[in-house]
Amino acid sequence: MGNEDVTISIATTGTAKTTCTNPAGNSAPGIDKKDLGGSTTQTFKATEIKNGTLSACVTTAAPTISAKEAGCPNNNFTATISDVDFTSATITVTQGGQIVLQQTY
């Protein structure tokens with residue numbers, strides 16, 4: 001790592017398990033939402049790099065889903081995501097406008 005800011009991006013895809021809850025509080029499984037994606041980018045200042053090393057934690061926002069997307073009977077239901085099975089995650093690290101690392105898991 002050089003003397004420039006570092007930008008780390010992550011992009012994910014996966015399948016979300018959903019739950020539909022009616023106004024009375026009763027829950028039932030929803031329809032799994034495939035190809036649910038999320039992404040985020042975070043930049044770290046050059047001053048955070050110590051001896052060529054940068055420790056970083058980058059987190060995507062929690063996914064959301066509508067009642068319709070979850071297969072709930074109507075919009076009076078509340079849809080929630082109970083779990084996500086990730087199928088891929090791509091991490092890209094750039095510095096000085098150049099990609100220095102890109103890995104897909």
Over all atoms of both residues, closest heavy-atom pair of Q102 and T90: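 Heavy atoms only, the tightest pair is CG-CG2, 4.2 Å.
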I10 side, atom CD1; Q103 side, atom CD - distance, nearest 0.5 Å: 12.0 Å
N51 side, atom CG; L54 side, atom CG - distance, nearest 0.5 Å: 12.5 Å
Mind checking whether I91 and I99 sit in one hydrophobic cluster, side chains of I, L, V, M, F, W, Y counted as touching below 4.5 Å? no
Partners meeting side chain to side chain donor-acceptor pair (under 3.5 Å) with T87 (sequence neighbours left out): T13
Going by the rule side-chain contact (heavy atoms from CB on, under 4.5 Å), which residues pair with T19 if we only count those two or more places apart in sequence or in a different chain?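 T21, S27, T80, S82.
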Just jot down the side-chain contact (heavy atoms from CB on, under 4.5 Å) partners of C20, sequence neighbours excluded, or say none.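 Only A70, C72, F77 meet the side-chain contact (heavy atoms from CB on, under 4.5 Å) criterion with C20.
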Side-chain donor-acceptor pairs of residues 40-50 under 3.5 Å, sequence neighbours excluded:
| unit_1 | atom_1 | unit_2 | atom_2 | d |
| --- | --- | --- | --- | --- |
| T41 | OG1 | S9 | OG | 3.0 |
| T43 | OG1 | T7 | OG1 | 3.1 |
| E48 | OE2 | K45 | N | 3.2 |
| K50 | NZ | T47 | O | 2.9 |

Would one find more than 12 heavy atoms of other residues, nucleotides or ligands at under 6.0 Å from atom CG of D35?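 No - once you tally the heavy atoms of other residues, nucleotides and ligands closer than 6.0 Å, there are 12 at most.
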Salt bridge (charged side-chain N to carboxylate O under 4.0 Å, His left out) partners of residues 57-83, not counting sequence neighbours, each pair once: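 Of all non-adjacent pairs touching residues 57-83, none passes salt bridge (charged side-chain N to carboxylate O under 4.0 Å, His left out).
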Hydrophobic side-chain clustering at under 4.5 Å (ILVMFWY, transitive links): who's grouped with I81? Put none if nobody. L36, I65, V84, F86
Is the side chain of N22 donor-acceptor paired with the backbone N or O of A24 at a distance under 3.5 Å, no angle test?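 Yes.
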